[in-house]
Number of protein chains: 2
Amino acid sequence: MQTDNFIPCFSIDCVVFGFHNNELRVLLLKLKNLDKWMLPGGFVSYDKDVDEEAIKVLRERTGLDDIFLRQFHLFGKKDRISKSHAQEMVDKKVISEDLKKWFDQRFLSLGYYALVEYSKVKKPEPDPVSEAIEWCPFSELPDLVIDHVDIVQKAHQRLKKELNFQPIGLNLLPDEFTMSELQALYETILNKQLDRRNFRRKMLAFDILKNTGKKRTGNAHKSPILYSFDQEKYQQLLQADHLF
Amino acid sequence: MQTDNFIPCFSIDCVVFGFHNNELRVLLLKLKNLDKWMLPGGFVSYDKDVDEEAIKVLRERTGLDDIFLRQFHLFGKKDRISKSHAQEMVDKKVISEDLKKWFDQRFLSLGYYALVEYSKVKKPEPDPVSEAIEWCPFSELPDLVIDHVDIVQKAHQRLKKELNFQPIGLNLLPDEFTMSELQALYETILNKQLDRRNFRRKMLAFDILKNTGKKRTGNAHKSPILYSFDQEKYQQLLQADHLF
DNA sequence: TATTATTGTGTCGTATTGACACATTGTAAA
DNA sequence: TTTACAATGTGTCAATACGACACAATAATA
C-alpha cells in the first residue's frame, strides 16, 4: 500500500446493506489472524474526490458500479481508535511493520452507507488485510474493530430515517419482487410489523411500482404479482421534497 | 497560528443561521484587503474531537455556548480550492507568508450548520484574518471564497429538510415571540407562503408552545399573544422519530 | 377434491390537511 | 371622540390520508 499518496488522518468506511432471506445484512471483512471484523473502507488519494474514493471502495468490494451511496456522518472523536490498535494489527501480522506508522495516526472517518442488491454482488475477493468478506446479519454483528459498531448503528439509524421520505428498495431488491418482499424489507429495516393491506395501499399510492403482469408461481398458495420499480417516477420521488 | 498541532488537510466550516427583520441571515467574515467573505471556520487539533472544535468555533464567533449545531456534509472535491487561493491570500496580506504552506494544502471541509438567536450573539470581534464579521442576508450573499456558497446552500437545503421533522425556532427566535413571527421564520426558511390559520393549528398541535399570557402591544392593530417554547416537550419532539 | 396459507381487494371510522370566513382588537387617521 | 384599518384569534367544511379490520380468490399439497 502506497500510503504517502493518501490524505493523512482521514479514512472512509462503508456500511453496505444487503437484503437476503428476509434479513438485513452488512458486508464485513474478517481480519487475518484476529477474531475481529471491519467495514470495507479505504483512504483518499490527494488527487481524488472523497466521494470518488468511496465509489471506488464499493466497486472493488461489490463489483457494482451504479450504487446508491450516501455520506452520513463523520466520526471524529479523538479517542475513537485505541492506542493499542495499530500495534495489535502489527503483532498479529494483519499489516506489515512498515505500515504501523500509517495506522498509528489519529483518523477521522467519513461514514457512507450503501444499498445494494444482494444477489448482484459478485463473491468478493479477500485482500491482503482480510481473509474473508461476508454478508453478516445486521441483527447479530460479530466483534468489530474500533468504533465500527457505532458506524453501522448510525448508518442504520439514518437509513430508518430516510426510509420515511425516500422510497427504498430499488437498490436492495431484485428487478422483480412481490409486495410481500417489499414489505419484508421495510419491516426489517424499521424493525416493526406493518399492516399488509395498509402497506400495499401506501406503496401503490406512491405510484412508483409497475405491475409486470407476471406472477411468482411454485410458491404454494396464491401466486403473488411481480412488481418492478418505475425508475423514472422513483427518481422523481427521490428528488421531491413533498413536505410542509 | 500554531498549525503543526492541526490535523492536516482538514477544516471545519460553520454556517450560522440567524433570523432578524423577517430575514434569514448568515454570519460571515469579511477578509482583509480582499472583497471576499468567508464562513467562520477553523481547524482541528490532534487532541480534540472534531465536534468539540466546531463548538469552539461557534463559541469564539458568537459568544454562545449551548448552541444547536449539526454536521451536515463533508465537502471533499479535489478541486474545491483553486490553486491560486493561498497565493492570493498571501499577496493581499490576508495571511502571512509562513502560513502559505499550510493554506496551500488540499482541504476536506466538514460543514456544520448552527441555529442561533440573532440578538443573543455578542457583536463578534474580527480576528487577524478578517476585518469584519457580519450578519448577511441569506437571499443576497456577497462574494464568498472557495466553495463557501455551495456550503451555505447545502446547509440551507438540509435545514429545510430538517424543518419537516424537527421543531425549529427555539434556537432562532427570542424567548418570547408571536405566532406570526414563528410563521415568518418558517416561511423564510422554506421560501414559501403558509396559511396563517393552518400554521397556527399545526404548531399548537405540536404542543410545544406555552402561552405566556402576555401580549405584544404598541404594534398597531390587535395585540398578538406572546408564546414561549416548552423546552421539555420541545426536546421530546426532537428525539421522537414519529414516522411510518 | 378438499385443505390451507397466502394473496388481492375493500370498508369504515377517525385524524389530518388544505381552503376559506368572520368576529375581535388596538392603533392611527379623521 | 369616532372611525377606519389591518392584523389577530377562532372556527367550519370538504377532501384526503391513515389505522384497524373482513372476506373472497388462488395454487400447491395432502
*Asks:* Could you tell me whether the side chain of B:R216 has a donor or acceptor atom within less than 3.5 Å of a complementary atom in the base of D:dA7?
*Replies:* no
*Asks:* Would B:R70 and B:F68 count as a cation-pi pair here, with the cationic atom under 6.0 angstrom from the ring centre and within 45° of the axis?
*Replies:* yes
*Asks:* Given atom CG of A:L194 and atom C1' of D:dG19, what is their separation to the nearest angstrom?
*Replies:* 12 Å
*Asks:* Expressed in angstrom and rounded to an integer, what is the separation of A:Y227 atom OH from C:dT7 atom P?
*Replies:* 11 Å
*Asks:* Please determine whether any donor N or O and acceptor N or O are separated by less than 3.5 Å between the side chain of B:R200 and the base of D:dG11.
*Replies:* no
*Asks:* Could you tell me whether the side chain of B:L209 reaches within less than 4.5 Å of the side chain of B:D230, counting heavy atoms only?
*Replies:* no
*Asks:* Among C:dT7, C:dC12, D:dT12, find the nucleotide with the atom closest to the side chain of A:R201.
*Replies:* C:dC12
*Asks:* Taking donor-acceptor contacts at under 3.5 Å, does the side chain of A:H221 reach the base of C:dA5?
*Replies:* yes
*Asks:* Kindly say whether, by distance alone, the side chain of A:N198 makes a donor-acceptor pair under 3.5 Å with the base of D:dA20?
*Replies:* yes
*Asks:* Write down the atom of B:C14, the atom of B:L58, and the distance for their closest heavy-atom approach.
*Replies:* SG-CD2, 3.4 Å
*Asks:* Rounded to the nearest Å, what distance is computed from the CG atom of residue B:N219 to the P atom of nucleotide D:dG9?
*Replies:* 12 Å
*Asks:* Return the value, rounded to whole Å, for the distance between atom CZ of B:R197 and atom C1' of D:dG9.
*Replies:* 11 Å
*Asks:* Have a look at A:T217 and say if it touches a base, only the backbone sugar-phosphate, or nothing, with a 4.0 Å heavy-atom cut-off.
*Replies:* sugar-phosphate
*Asks:* What class does the angle between the rings of B:F177 and B:F229 fall in, given that below 30° is parallel, 30 to 60° is tilted and above 60° is perpendicular?
*Replies:* tilted
*Asks:* Could you state the atom-to-atom distance from CZ of B:F199 to P of D:dG11 in whole Å?
*Replies:* 19 Å
*Asks:* Can you figure out which of D:dT10, D:dC21, D:dC23 approaches the side chain of A:R196 most closely?
*Replies:* D:dC23
*Asks:* Quick one: A:D195 CG to D:dC23 P, roughly how many Å, whole number?
*Replies:* 16 Å
*Asks:* What is the nucleic acid contact for B:T178, judged by heavy atoms within less than 4.0 Å: base, sugar-phosphate only, or nothing?
*Replies:* nothing
*Asks:* Can you tell me if NZ on B:K77 sees more than 12 non-hydrogen neighbours from other groups inside 6.0 Å?
*Replies:* no
*Asks:* Check the phosphate of C:dT7 against A:S223, side-chain N and O only, distance under 4.0 Å to OP1 or OP2. Yes or no?
*Replies:* no
*Asks:* Roughly, in whole Å, what's the span from CZ in B:F206 to C1' in C:dT17?
*Replies:* 13 Å
*Asks:* To the nearest angstrom, how far is B:N211 atom CG from D:dT8 atom P?
*Replies:* 15 Å
